[in-house]
Protein chains: 2
Amino acid sequence: MNVNKRVRRTPAESKSLILETAAKRLAELGLHGLNISGVAKAAGMSHATVIHHFGSTSAMREALLQQMTNALLSDVISALREDVSPDQILGRLFSMLSQDGHGRLLAWLALDHQDIDVLPAKSNTSELFKSIIQAIPNSSDTQGDAKLQVLLVATAAMGLSICGGALSDLIGLSDEEFAEFPKWLARHLRSFA
Amino acid sequence: MNVNKRVRRTPAESKSLILETAAKRLAELGLHGLNISGVAKAAGMSHATVIHHFGSTSAMREALLQQMTNALLSDVISALREDVSPDQILGRLFSMLSQDGHGRLLAWLALDHQDIDVLPAKSNTSELFKSIIQAIPNSSDTQGDAKLQVLLVATAAMGLSICGGALSDLIGLSDEEFAEFPKWLARHLRSFA
DNA sequence: ATACTTATCAACATGAATGTCAATAAGAGG
DNA sequence: CCTCTTATTGACATTCATGTTGATAAGTAT
């Protein structure tokens, strides 16, 4: 039949192809999609190749999280540099966290190895939150409020990305009401300050 | 050495022993602890016995969730019947969800088989939410607000039970500030109405 | 062309988790 | 004491994911 033709990529090409595929599978298949064999198959290579580039499965997943938080960080930072009004920042963060499986991936990592130190991209994420907190309108005596607001937004976004649909069903929200949730939350957060 | 002595329990005893052990392991070891072999070992029986009683691993986990949501439901219902003031109800729900791994178990179930229909205890949970929504003070034109508040509390509690500690670190909250979070949220929710 | 580096892959080894099955024994009821 | 039900178990089979290794070939440099 076909002679075995090998595609030989540069390491950078391979890595980005793999991570791209992994991200796609995360979005489509959920966290099940983030195993070596599946990703490799979807990327059109053998799983040994993936291990060759990343060293291990968990390293691959951490690289993916790294990449995703980097993207998130730069998104938020550019938003902060633009003329986005400060009271919209939390809304932005919220939607960014609940989209693209960011929240799900974070949650999965936290759930899987609950021995937390594994949380990678720590410095990045920390920087991200600092930027946001500084950008939130603070009255001087509600110093801590900004942090609590961020915590609320982060936890809610995470919970939403995991269980949002199911919870909405259980609570009895219509699709329209459910879709309004981020705006509703943003409105109330604005009134916090 | 020792003659093989078998303990013969009634099916009810076995089941409750297994679920008890599973709950303990969920709290101590996280979701990793919820595998057949581990639970069986910790309960002092062979894993075949566990399968004999529950039929499968996932059935055991669903039974555990069933039990936990039942406990949660009766807790909340008794709280509703007592003289708990309505504006404390969300706080109660919040703490109940973020304790004992309720949130983590729910999240794990949702993450694992994201094919949602597996969500068991649907009727129970649904009833739970209905009771709570009815108990929330509603102005007539903020009919939907109660539901959104519940959604906020549920998602935040879930996110908190998964990532709370890590997020708090990343955001830079002190332990005291972090501990204040539920009260802080409850205070603001009260002002929603 | 030749040699060298290394990305790629098939095959194998390993280990964990789940589930099945037939044999055993504990207890209940006759 | 005998019988019958069934909770319990060890051993086996299966599946799946991860990781290893030696061989192969694609591309680069000399």
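As the structure is a prediction and not an experimental result, all values here were calculated from the model.
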Could you label the plane-to-plane angle of the A:His188 and A:Trp184 rings as parallel, tilted or perpendicular, counting under 30° as parallel and over 60° as perpendicular? perpendicular

Scan for side-chain hydrogen bond (donor to acceptor under 3.5 Å, both in side chains) pairs involving residues 37-52 of chain A, sequence neighbours excluded, and state none if there are none. A:Ser46-A:Thr49

Rounded at 0.5 Å granularity, tell me how far CG in B:Leu151 sits from CG in A:Leu167. 6.5 Å

For a quick test of reading the model: is some side-chain N or O of B:Ser37 closer than 4.0 Å to OP1 or OP2 of C:dT18? yes

After noting the C-alpha distance and the side-chain angles of B:Ile18 and B:Met45, does the key distance pass the side-chain contact (heavy atoms from CB on, under 4.5 Å) rule? CA-CA 9 Å; B:Ile18 292 168; B:Met45 59 184 69; 3.9 Å; yes

Contact between B:Leu173 and A:Leu148 at the side-chain level, heavy atoms closer than 4.5 Å - yes or no? yes

Taking side-chain hydrogen bond (donor to acceptor under 3.5 Å, both in side chains) as the test, write out the residues that go with B:Ser16, two or more places apart. none

Those residues that, when tested against B:Ser174, pass side-chain contact (heavy atoms from CB on, under 4.5 Å) (two or more places apart): B:Glu176, B:Glu177

Test side-chain contact (heavy atoms from CB on, under 4.5 Å) on B:Phe54 and B:Leu64; report intermediate values, then the result. CA-CA 11 Å; B:Phe54 288 97; B:Leu64 176 62; over 6 Å; no

Using a cut-off of strictly less than 4.0 Å between a heavy atom of the residue and any atom of DNA chain C, enumerate the qualifying residues of residues 8-18 of chain A by number. A:Arg8, A:Arg9, A:Pro11, A:Ser14

Enumerate all atom pairs, one protein N or O and one N or O from nucleotides 22-24 of chain D, separated by less than 3.5 Å.
from   : atom 1 : to     : atom 2 : distance (Å)
D:dT24 : O2     : A:Arg6 : NH1    : 2.3
D:dT24 : O2     : A:Arg6 : NH2    : 3.2

Quickly work out the B:Ile36 CD1 to D:dT8 P distance and round it to whole Å. 14 Å

Between A:Ser168 (side chain only) and A:Gly164 (backbone N and O only), is there a donor and an acceptor less than 3.5 Å apart? no

Can you tell me if B:Lys147 uses its side chain to pair, donor with acceptor, with the backbone of A:Gly172 under 3.5 Å? yes

Phosphate contact (D:dT18 OP1 or OP2) by A:Ser56 side-chain N/O below 4.0 Å: no

Let's see if you get this right: which residues in residues 39-55 of chain B place a heavy atom under 4.0 Å from DNA chain C? B:His47, B:Ala48, B:Ile51

Take atom CG of B:Leu34 and atom C1' of C:dT18, then tell me their distance rounded to the nearest Å. 15 Å

